[in-house]
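Note sheet for the following structure.
For clarity, every value in this text was computed on a predicted model and none was experimentally measured. Atom set for the values below is all heavy atoms of this structure, side chains included, hydrogens, waters and symmetry mates excluded.
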Amino acid sequence: MKEQFKTIMQSEDLKEITIELVEKVLDNSIGKDVIREIPILKSLVAVRNIYDSYTDGIFIKKAMNVLFELGDTNWKERVELTSDLDDENSSGSEKILMAIDNLETIEKCKIFGRLCKLKALNKIDVYEFKRLTKLIQDAYIDDLSLLPVFAERLEKAKEKKNTFYKSNDIYMEEFYPLLGLGLIYQELDEQTPIEKVEPTSFKDPAPYYKGGETNILYFTSDLGRLLLYFYNDLFP
């Protein structure tokens, strides 16, 4: 499958393939005339002929949904995408296939495809590509939509001239998934000074102490800032 996948990815005809054509190939109902018009479909048919179980069909569909997102890139950009990921352990094509194998939904495959497009267009480097790939694999995708909300909450706190981490504006019950994904983090602020309050008249209460409170500070991590920067590209 690796070679056929690489051939399809690097083909100038990639943009001609649609999900309907993929379905016909998987159902073995594609016509020879269509294959003549779009020769790259021969590689997809070859994959289908070798890997014909239900699970294999699902994987092919997942892989093609990744490639669809690369349809408006040129073949040179797609070649550079895979070559940049090559190392002594595996080829770039193999890395992408292994990444796809860990994506459990078609939605994630489309998002990963958009991430591959960002890498193909050199908008992100290999390290950023790997970090965001792992995030997409691990996350419950709906949780990622909390990050712009979190960032907006911080900005509103700034506009109110409060500290940007004011705890009254942020509740961990709402944003705890982001904490687990490493997109945000928290730190304890310095403890406020403790001071003894003495009565100034007989009406005042007995001496007591005040202060000693500690606020929780909230921050967006480097990974969180990276995702925010490309959020609209990944979730258009």
Side-chain angles (χ1 to χ4, degrees), residues 1-19 21-22 25-26 38-51 53 55-139 141 144 181-182 222-223 225-227 229-236:
M1 183 181 293
K2 176 185 68 175
E3 292 304 320
Q4 290 91 344
F5 178 82
K6 184 176 180 179
T7 300
I8 295 170
M9 172 179 279
Q10 297 180 359
S11 170
E12 294 183 10
D13 294 329
L14 175 60
K15 62 183 178 181
E16 304 297 329
I17 304 177
T18 65
I19 188 63
L21 290 176
V22 173
V25 169
L26 294 178
I38 310 175
I40 192 60
L41 286 175
K42 291 180 182 178
S43 295
L44 190 55
V45 171
V47 173
R48 193 279 321 280
N49 290 339
I50 299 171
Y51 305 94
S53 72
T55 303
D56 293 330
I58 292 296
F59 183 82
I60 294 169
K61 190 173 180 178
K62 287 165 57 178
M64 291 308 302
N65 271 278
V66 171
L67 295 185
F68 290 153
E69 299 295 332
L70 291 164
D72 56 355
T73 58
N74 61 53
W75 69 270
K76 183 177 179 181
E77 290 166 336
R78 296 194 293 271
V79 168
E80 290 178 355
L81 164 64
T82 55
S83 62
D84 283 351
L85 297 175
D86 288 342
D87 61 27
E88 67 277 9
N89 297 312
S90 57
S91 68
S93 298
E94 288 173 325
K95 285 185 175 64
I96 292 174
L97 287 171
M98 287 187 283
I100 294 171
D101 197 36
N102 287 309
L103 300 172
E104 74 275 16
T105 66
I106 296 297
E107 180 186 12
K108 282 192 174 186
C109 292
K110 292 178 180 179
I111 297 167
F112 178 63
R114 294 170 200 141
L115 179 64
C116 289
K117 181 179 177 180
L118 289 175
K119 179 64 191 74
L121 297 175
N122 284 319
K123 293 185 177 181
I124 58 175
D125 59 28
V126 172
Y127 173 78
E128 292 167 334
F129 176 79
K130 290 180 179 179
R131 289 297 307 276
L132 289 174
T133 295
K134 181 62 174 171
L135 175 64
I136 294 167
Q137 290 172 336
D138 291 345
I141 289 299
L144 299 183
L181 290 169
D222 290 343
L223 179 60
R225 287 190 291 271
L226 177 64
L227 177 60
Y229 190 82
F230 292 107
Y231 189 86
N232 290 332
D233 295 294
L234 296 173
F235 303 93

Side chain of [X], backbone of [Y]: donor and acceptor closer than 3.5 Å?
X: E77; Y: N74; result: yes
X: E128; Y: D125; result: yes
X: D101; Y: L97; result: no

Distance check, rounded to the nearest 0.5 Å: [X] atom [atom1] versus [Y] atom [atom2]?
X: K123; Y: L115; atom1: NZ; atom2: CG; result: 12.5 Å
X: I58; Y: I106; atom1: CD1; atom2: CD1; result: 7.0 Å
X: L144; Y: F235; atom1: CG; atom2: CZ; result: 4.5 Å
X: I100; Y: T133; atom1: CD1; atom2: OG1; result: 10.0 Å
X: S83; Y: R78; atom1: OG; atom2: CZ; result: 13.0 Å
X: L121; Y: L81; atom1: CG; atom2: CG; result: 9.5 Å

So which heavy atom on [X] is nearest to which on [Y], and how close?
X: Q137; Y: N102; result: NE2-CB, 3.5 Å
X: V66; Y: C116; result: CG1-SG, 4.3 Å
X: L70; Y: A120; result: CD2-CB, 4.3 Å
X: L234; Y: R114; result: O-NH1, 2.8 Å
X: L67; Y: L14; result: O-CD2, 3.6 Å
X: K119; Y: V126; result: CE-CG2, 3.7 Å

Are [X] and [Y] side-chain neighbours, meaning at least one heavy-atom pair lies under 4.5 Å?
X: F129; Y: D84; value: no
X: F112; Y: I96; value: yes
X: K110; Y: E69; value: yes

Exercise. For residues R131 and Y127, is any side-chain donor paired with an opposing acceptor at under 3.5 Å?
Worked result: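 A pair is found: one side chain offers a donor N or O, the other an acceptor, under 3.5 Å apart.
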
For this session: Applying side chain to side chain donor-acceptor pair (under 3.5 Å), name anything that partners S90, two or more places apart in sequence or on another chain.
Result: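 Once residues adjacent in sequence are excluded, the partners of S90 under the side chain to side chain donor-acceptor pair (under 3.5 Å) criterion are K95.
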
For this session: Mind running side-chain contact (heavy atoms from CB on, under 4.5 Å) on F68 and V22 for me, showing each step along the way?
Result: CA-CA 11 Å; F68 290 153; V22 173; 3.6 Å; yes

